[in-house]
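Since the structure comes first, as structure tokens, the remarks are kept for the end.
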Amino acid sequence: MLSQIKEALSNLENKKLKEKYMQIIITMFEKGYFPGLENIPVAKSSVSNIDGENGLLTFRGYPIQELANNCSYEDVCFLLLKGDLPIPQEKKELKKQLLASKGIDSKIKETIISMNDNLHPMYMLSSSVLQLQSNDPKCFDLDQYTVNLNRAIQLIAKLPTIMGVYQTQNPEFAQGKTFDSFAQYILYCFNQELAAKPKWVNILDKLLILHGDHTMNNSTFSVRAVGSSKASIYASISSAINSLSGPLHGGANEKVIKMLTEIGAPENVESYIQEQLKAGEKIMGLGHRVYRTYDPRALYLKEEILPQIFAEDSPEVNSKLENLYNTAQKMEEIALNKFADKKIFPNIDFWSGLVLRAMKIEPKYFTTIFALGRIMGWCAHWVENLEVKNKIFRPNQLYDGFNTRHVLRDQLK
Ligand code: COA
């Protein structure tokens with residue numbers, strides 16, 4: 001059978017595709033199902049692409065490094081949603097629209113402020129996104145592309161405001177203030193002092209761009225799965241935020257800083273890794289489902305952003321933060337050696353926490369920043385999914401339970 005399949009695939013010229021199909025077929029034979037849907041294409045998409053062997057990530061064809069070097073949040077938002085980079089007038093209009101749409105209803109603000117402190121900010125965010133539906137009764141009319149795009153922009157604009165209101169506990173937050181860019185507004189929601197410093201706005205802008213999209217990851221799949229039932233954008237994005245909160249996904253950035261703090265100093269890294277591995281635990285911030293080389297986003301943070309932050313005369317860096325950075329560098333060095341044969345490398349969450357810590361953002365908020373970048377991609381996928389008239393996601397299972405059996409009434413007496 002396998003040789004027949006091999007023969008059938010031999011006509012396929014694209015070598016990579018051939019290997020991919022072969023892998024899928026082998027898994028089907030060996031396991032009968034696809035754990036974690038690994039390698040299974042579930043949709044056609046033109047939003048972003050990853051070449052995991054060569055460490056290449058592109059948004060609509062543009063390499064992530066070029067976008068981070070040359071573009072702003074508004075540029076990338078336009079690109080991801082509409083498929084091409086904006087001309088200056090289009091960029092100006094999008095910025096205006098985002099900043100003009102950032103307000104949220106006073107009742108929702110009251111709800112945000114009343115949420116229990118013990119609720120994780122990611123769940124505060126996802127439940128607040130659901131609340132936004134109350135001001136959009138027509139959200140179930142999904143047939144018009146331009147209306148869907150506009151709805152996405154409205155939601156992107158409101159996400160940082162939820163964070164700003166929650167953190168300041170002030171419903172009047174940012175009222176009467178003007179902002180030069182959307183990234184500046186986002187930084188203002190987390191640190192009003194740094195939002196006045198162009199260097200930090202620029203750093204956050206790049207960080208958000210790096211998080212903009214990442215093909216069919218767990219949260220994007222959630223957007224598409226929930227959206228495919230024709231649930232609202234609020235339900236779809238809210239479920240994506242919940243998915244992102246997990247430590248195997250976006251929640252890893254918070255866990256990495258916790259881990260580095262626990263390790264305490266570079267000289268403790270080796271023993272920490274050994275203990276984790278002995279206990280069968282993963283090291284946070286390392287590994288990736290798709291990359292078999294250094295995650296290009298992590299590499300950009302390491303090479304372009306962190307050196308700016310940890311430059312000798314940086315007033316924002318104290319000895320505690322310096323120690324975390326040194327500990328991370330030591331961990332990277334050991335991991336690159338230790339895990340070379342498994343092709344496990346640092347991912348974006350390994351380095352991003354250090355950037356956010358330097359911005360004096362509390363670790364519990366780290367993943368919300370990830371969400372403020374990724375919402376651009378989520379929305380692009382949500383719009384695309386509706387456009388291609390995707391079927392409702394409804395995978396199958398390999399049933400592994402009882403054969404049919406019957407309730408014995410006497411047993412229940
Ligand atoms: N630390 C130690 N070993 C790791 C590891 C890590 N962070 N990530 C992967 N591995 C090892 C696994 O133990 C496994 O080894 P084995 O083949 O000997 O059993 C192998 O690498 C494959 O790992 P697996 O968990 O099957 O890969 P995956 O594609 O299912 O998982 C992640 C990918 C990202 C979920 C996984 O690497 C992980 O949990 N990383 C830590 C959390 C993290 O940083 N998440 C953010 C992702 S951007």
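Predicted model, so just to flag it, every value in this text is computed and none were measured. Indexing begins at 1, ligand by ligand and atom by atom, following the structure's order.
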Practice task
Decide whether an N or O pair under 3.5 Å exists between F339 and ligand 1.
Solution key: no

Problem - 4.0 Å heavy-atom contact, H249 with ligand 1 - result: yes

Practice task
Taking all heavy atoms of E316 and all of K360, pick out the closest pair and write down the distance.
Solution key: O-NZ, 3.6 Å

Problem - Taking atom 40 (N) of ligand 1 as the reference point, the nearest protein heavy atom with its distance - result: L286 O, 2.9 Å

Problem - Test: R405 cationic atom under 6.0 Å from F402 six-membered ring centre, within 45° of axis - result: yes

Practice task
Taking only heavy atoms of D349 into account, list the atoms of ligand 1 that are under 4.0 Å away from them.
Solution key: 46 (C), 48 (S)

Exercise for the section: For side-chain hydrogen bond (donor to acceptor under 3.5 Å, both in side chains), just list the numbers for R60 and S46, CA-CA rounded to whole Å, side-chain angles, deciding distance to a tenth of an Å, and then say yes or no. Expected result: CA-CA 6 Å; R60 306 278 189 194; S46 58; 3.2 Å; yes

Exercise for the section: Among all protein heavy atoms, pick out the one at the shortest distance from atom 33 (C) of ligand 1; state its residue, atom name and that distance to 0.1 Å. Expected result: R289 N, 3.8 Å

Problem - Test of ring centre spacing under 6.0 Å for H214 and H288 - result: yes

Problem - Carboxylate-amine/guanidinium contact E270 K338, below 4.0 Å - result: yes

Exercise for the section: Counting heavy atoms only, name the option from P35, G287, G250 that's nearest to atom 37 (O) of ligand 1. Expected result: G287

Handout entry: Residue part near ligand 1, for I283, under 4.0 Å between non-hydrogen atoms
Key = both

Exercise for the section: Please work out whether any backbone atom (N, CA, C, O) or any side-chain heavy atom from C-beta onward of K282 is under 4.0 Å from ligand 1, and answer side chain, backbone, both or neither. Expected result: both

Practice task
State the CG-NZ distance between N385 and K44, to the nearest 0.5 angstrom.
Solution key: 14.0 Å

Handout entry: Contact check, G36 vs ligand 1, heavy-atom distance below 4.0 Å
Key = no

Exercise for the section: Please indicate, with yes or no, if any protein heavy atom is found under 4.0 Å from atom 26 (O) of ligand 1? Expected result: no

Practice task
With heavy atoms of G285 as the reference, note each atom of ligand 1 found under 4.0 Å away.
Solution key: 43 (C), 44 (O)

Exercise for the section: Please write down residue, atom name and distance for the protein heavy atom closest to atom 14 (C) of ligand 1. Expected result: K342 NZ, 4.3 Å

Exercise for the section: Run the numbers for me: atoms of ligand 1, each under 4.0 Å from some heavy atom of A252, listed by number. Expected result: 43 (C), 44 (O), 45 (N), 46 (C)

Practice task
May I ask you to check if K91 and F78 form a cation-pi contact, with NZ or CZ under 6.0 angstrom from the six-membered ring centre and within 45° of the axis?
Solution key: no

Handout entry: Check: E281 N/O within less than 3.5 Å of ligand 1 N/O
Key = no

Practice task
Classify the ring geometry between Y188 and F179 as parallel (under 30°), tilted (30 to 60°) or perpendicular (over 60°).
Solution key: perpendicular

Problem - Centroid-centroid under 6.0 Å between Y33 and Y399 rings - result: no

Fill in the blank from the handout: Counting from 1 in the order shown, the ligand 1 atoms closer than 4.0 Å to a non-hydrogen atom of L248 are 39 (O), 45 (N), 46 (C), 47 (C)

Completion exercise
Counting heavy atoms under 4.0 Å, the part of I344 that contacts ligand 1 is side chain

Practice task
Taking the six-membered ring for Trp and the full ring for Phe, Tyr or His, determine whether the centres of F345 and Y291 are under 6.0 Å apart.
Solution key: no

Exercise for the section: Might you point out which heavy atoms bring H249 and S243 nearest each other, and give the distance in Å? Expected result: CD2-OG, 3.6 Å

Problem - Heavy atom of protein closer than 4.0 angstrom to atom 45 (N) of ligand 1 - result: yes

